Each structure stands twice: as structure tokens, then as C-alpha cells.
Engineer: 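One structure, pasted below without further comment.
Computation of the quantities below employed the complete heavy-atom set of this structure, encompassing side-chain atoms and omitting hydrogens, waters and symmetry-equivalent molecules. Since this is a predicted model, take the numbers as computed values, not measurements.
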Amino acid sequence: MKTYKHIFFDLDHTLWDFEANSKKALQQIFEEQNLGEKGIPSFESFHAKYLPINDRYWARYHHGFVPKEKLRVGRFHDTLKEFNVDDEVLAEAIAASYLSISPKMTALFADAMEVLKYLQDKYALHLITNGFAEVQWLKIEHSGLKPFFEHIIISEEVGTQKPAKEIFEIAMERAKTNADECIMIGDNFNTDIVGARNAGMDQIF
């Protein structure tokens with residue numbers, strides 16, 4: 001039986017409650033931008049249209065089909081157009097507010113802190129996350145997660161993203177370890193689990 005020395009965590013949807021934090025930020029922006037007075041009947045209708053559009057943009061971004069800036073604003077512009085609001089200036093304002101507000105939200109999954117406190121004296125803990133560097137750092141710092149991790153590897157900073165095995169190899173190199181001593185914990189089968197497996201690392205889905 002293997003004796004693990006290093007545990008690598010994913011961030012979004014694993015520790016940081018992306019859905020709860022994103023929804024809270026969007027609701028605040030909906031009210032601040034008075035979107036209800038611009039032809040959008042309710043926050044719930046706005047949020048329901050936004051979710052699949054955002055997912056499509058992220059999928060295209062991960063495959064290299066759209067650049068960061070297009071993702072940042074385009075997802076909101078397309079959502080507004082679903083309500084016949086074709087306003088690029090408003091979309092830019094929403095995008096700027098979202099990237100300012102959402103990373104500062106602090107909701108974590110139940111018992112995330114308790115699990116990390118239990119593990120930190122027994123293993124070296126590290127984080128591997130896809131995403132925009134400035135956004136991910138804000139999430140990590142504002143939610144109180146930073147002190148738990150010896151190394152934090154963010155895809156935009158290292159130039160490769162999960163599931164590419166290279167990001168896991170970079171993480172192991174920084175931790176001065178090898179795959180036999182490591183295990184990856186994440187929520188996304190295609191990025192966290194397949195990626196870790198390709199790098200020879202055990203995984204928990």
C-alpha cells in the first residue's frame with residue numbers, strides 16, 4: 001500500500017463553492033446595474049440564461065478557441081442579448097464588476113476548513129487550479145485558504161492547464177516529489193482525474 005506524502009487539491013467546486021459565490025456576486029451586480037429596469041424581468045431569468053452561455057465560453061476558452069478578454073466580456077454581452085439588450089458598454093461594466101466582486105466571496109464547501117486543518121499536520125498540501133491568475137489568487141486569499149498550501153500552481157501563470165500532464169509535472173517538481181508519493185483531489189473528471197492519471201498520480205474524484 002502506498003504511503004502518500006503530498007496531497008494536491010483543486011480549487012473551484014472542490015474547496016471554493018463556485019456556484020454559491022458566483023450567484024451571490026451576480027445578484028449584487030444585477031441590483032447595482034439596475035438590470036431589472038433595462039428589460040430583464042428578474043435575476044433568476046438572467047442567471048438561468050447566463051449559466052449555459054458561461055459554460056460554453058469556458059469550454060471554448062479551454063480549447064483555445066476564444067481569448068481571455070473575449071470570455072471575460074462576451075459571456076455577459078451574449079446574456080444581455082438574450083433579453084434584447086445589445087449593450088457592449090453595459091457588458092463591460094458587468095464583467096469588470098464580476099471579476100472584482102466574485103473572487104472576494106468566501107463561501108467554501110461544508111467542512112473544507114476542517115478537512116484541511118486535519119490534513120495539514122500529516123501531509124504537504126498543494127493546490128492546482130485552472131483559471132485567471134489574478135482571480136484565483138483573490139479567491140485563495142480572501143477565503144483563508146492560502147496558509148494551508150505549500151505550493152499553489154495556477155494554469156495561467158505556468159502556461160499550461162489541466163488536464164495536460166505538464167501542469168501536474170510542474171506541481172510535483174516544485175514540491176520536490178514524484179507521482180508515487182502524491183494524490184490529487186478534484187471534482188472534474190476530465191481535468192482533475194484524467195489529468196492526474198496521465199501524470200501517473202493517484203486521484204480521488
Side-chain angles (χ1 to χ4, degrees), residues 9-30 32-33 35 38-40 43-105 127-140 142 152-171 184 186-196 198-199:
F9 279 90
D10 170 54
L11 176 63
D12 294 322
H13 312 282
T14 300
L15 297 171
W16 197 78
D17 192 339
F18 186 94
E19 283 81 6
N21 290 317
S22 177
K23 187 173 184 179
K24 187 176 181 181
L26 288 170
Q27 187 153 22
Q28 180 177 329
I29 293 165
F30 186 90
E32 289 177 351
Q33 294 291 337
L35 297 184
K38 295 180 170 69
I40 302 173
F43 169 71
E44 288 71 23
S45 61
F46 177 83
H47 190 242
K49 292 289 187 183
Y50 167 78
L51 290 176
I53 291 171
N54 182 56
D55 288 344
R56 287 197 295 271
Y57 265 93
W58 273 106
R60 290 177 60 78
Y61 172 77
H62 286 314
H63 287 95
F65 296 139
V66 296
K68 174 181 177 179
E69 187 60 24
K70 178 66 176 173
L71 183 157
R72 190 180 73 85
V73 180
R75 54 187 171 170
F76 295 111
H77 192 200
D78 286 3
T79 302
L80 290 173
K81 286 191 287 186
E82 289 288 319
F83 299 94
N84 297 314
V85 181
D86 189 356
D87 190 334
E88 291 187 25
V89 174
L90 179 58
E92 171 61 43
I94 294 171
S97 292
Y98 183 75
L99 289 185
S100 173
I101 295 170
S102 66
K104 297 172 185 174
M105 297 292 175
L127 199 64
I128 307 177
T129 177
N130 286 350
F132 303 153
E134 68 273 22
V135 172
Q136 300 305 79
W137 277 116
L138 284 172
K139 292 176 185 177
I140 293 162
H142 280 267
I152 296 171
I153 293 85
I154 300 175
S155 62
E156 190 178 49
E157 291 184 337
V158 299
T160 183
Q161 60 186 358
K162 298 178 290 185
K165 69 177 182 178
E166 286 79 9
I167 192 169
F168 295 92
E169 291 170 346
I170 290 168
M184 175 73 195
D187 75 292
N188 189 302
F189 186 83
N190 292 323
T191 56
D192 300 315
I193 305 309
V194 173
N198 288 342

Engineer: To the nearest 0.5 Å, what is the distance between CD1 on I154 and CD1 on I152?
Structural biologist: 6.5 Å

Engineer: Taking C-beta and beyond as the side chain, do Q27 and K24 meet within less than 4.5 Å on heavy atoms?
Structural biologist: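 Contact flag for Q27/K24 side chains = no.
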
Engineer: Between CD1 of I94 and CZ of F30, what distance do you get to the nearest 0.5 Å?
Structural biologist: 9.5 Å

Engineer: Going through the checks in order, is the side chain to side chain contact (heavy atoms under 4.5 Å, CB included) test met by L35 and V85?
Structural biologist: CA-CA 10 Å; L35 297 184; V85 181; over 6 Å; no

Engineer: For residues N21 and S102, is any side-chain donor paired with an opposing acceptor at under 3.5 Å?
Structural biologist: no

Engineer: Hey, are the side chains of I101 and E32 touching, using non-hydrogen atoms and a 4.5 Å cut-off?
Structural biologist: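 Yes. Closest side-chain heavy atoms under 4.5 Å.
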
Engineer: Quick one: are Y57 and K70 in side-chain contact, heavy atoms under 4.5 Å?
Structural biologist: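 The answer is yes; the side chains approach within 4.5 Å.
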
Engineer: When you compare the side chain of E19 with that of H13, does any pair of heavy atoms fall below 4.5 Å?
Structural biologist: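 In short, these two side chains touch, coming nearer than 4.5 Å.
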
Engineer: Are N130 and Y61 side-chain neighbours, meaning at least one heavy-atom pair lies under 4.5 Å?
Structural biologist: no

Engineer: Give a yes-or-no answer on whether the side chains of D78 and Y50 include a donor-acceptor pair shorter than 3.5 Å.
Structural biologist: no

Engineer: Drop me the distance from N54's CG to T79's OG1, to the nearest 0.5 angstrom.
Structural biologist: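 Taking CG in N54 and OG1 in T79, the distance rounds to 8.0 Å.
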
Engineer: So I153 and E157, do their side chains get closer than 4.5 Å, heavy atoms only?
Structural biologist: no

Engineer: I'd like to know if the side chain of S100 reaches the main chain of A96, judged simply by a donor and an acceptor atom lying under 3.5 Å from each other, with no hydrogens or angles considered.
Structural biologist: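 Flag not set: sc S100 to bb A96 has no pair under 3.5 Å.
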
Engineer: Kindly indicate whether the side chain of K139, heavy atoms from C-beta on, has any atom under 4.5 Å from the side chain of D12.
Structural biologist: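 Contact flag for K139/D12 side chains = yes.
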
Engineer: Where is the tightest heavy-atom contact between E156 and A133, given as atom of each residue plus distance?
Structural biologist: OE1-N, 2.8 Å

Engineer: W16 and Q136: side-chain donor and acceptor closer than 3.5 Å?
Structural biologist: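 Not at all, the side chains of W16 and Q136 share no donor-acceptor pair under 3.5 Å.
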
Engineer: Does NZ or CZ of K68 lie under 6.0 Å from the centre of the six-membered ring of F132, at an angle within 45° of the ring axis?
Structural biologist: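 Yes - K68 lies over the ring of F132, closer than 6.0 Å to its centre and within 45° of its axis.
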
Engineer: Could you pull out the closest heavy-atom pair between Q161 and S155, with the gap in Å?
Structural biologist: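 Q161 and S155 have their closest heavy atoms at CB-CB, 3.5 Å.
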
Engineer: Could you grab the distance from atom NE2 of H47 to atom CD of E44, nearest 0.5 Å is fine?
Structural biologist: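 Rounded to the nearest 0.5 Å, the NE2-CD separation comes out at 9.5 Å.
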
Engineer: Do D10 and M184 come within less than 4.5 Å of each other through their side chains, counting heavy atoms only?
Structural biologist: yes

Engineer: So for atom CD, which belongs to E88, do other residues, nucleotides or ligands contribute more than 12 heavy atoms lying within a distance under 6.0 Å?
Structural biologist: no

Engineer: Nearest heavy-atom pair of N188 and N190: which atoms, and what distance?
Structural biologist: OD1-N, 2.9 Å

Engineer: Evaluate L26 against F76 for side chain to side chain contact (heavy atoms under 4.5 Å, CB included), listing each step before the verdict.
Structural biologist: CA-CA 11 Å; L26 288 170; F76 295 111; 3.7 Å; yes

Engineer: Over all heavy atoms of both residues, which pair between K38 and Q33 is shortest? Give the atoms and the distance, please.
Structural biologist: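 The pair with the smallest heavy-atom distance is NZ-O, 2.6 Å.
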
Engineer: Looking only at heavy atoms, which two atoms of H77 and D87 are closest? And how far apart?
Structural biologist: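 Nearest heavy atoms, H77 then D87: NE2-N, 3.9 Å.
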
Engineer: Just verifying a value: how many Å separate N198 CG and I167 CD1, rounded to the nearest 0.5 Å?
Structural biologist: 13.5 Å

Engineer: Taking H63 for its side chain and A59 for its backbone only, find out whether a donor-acceptor pair lies under 3.5 Å.
Structural biologist: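 Answer holds: yes.
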
Engineer: Please name the pair of heavy atoms, one in Y98 and one in S22, separated by the smallest distance, quoted to 0.1 Å.
Structural biologist: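 Distance-wise, the nearest heavy atoms are OH-OG, 2.7 Å.
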
Engineer: Supply the atom-to-atom distance L127 CG to F9 CZ, rounded to the nearest 0.5 angstrom.
Structural biologist: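 It is 9.0 Å, given to the nearest 0.5 Å.
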
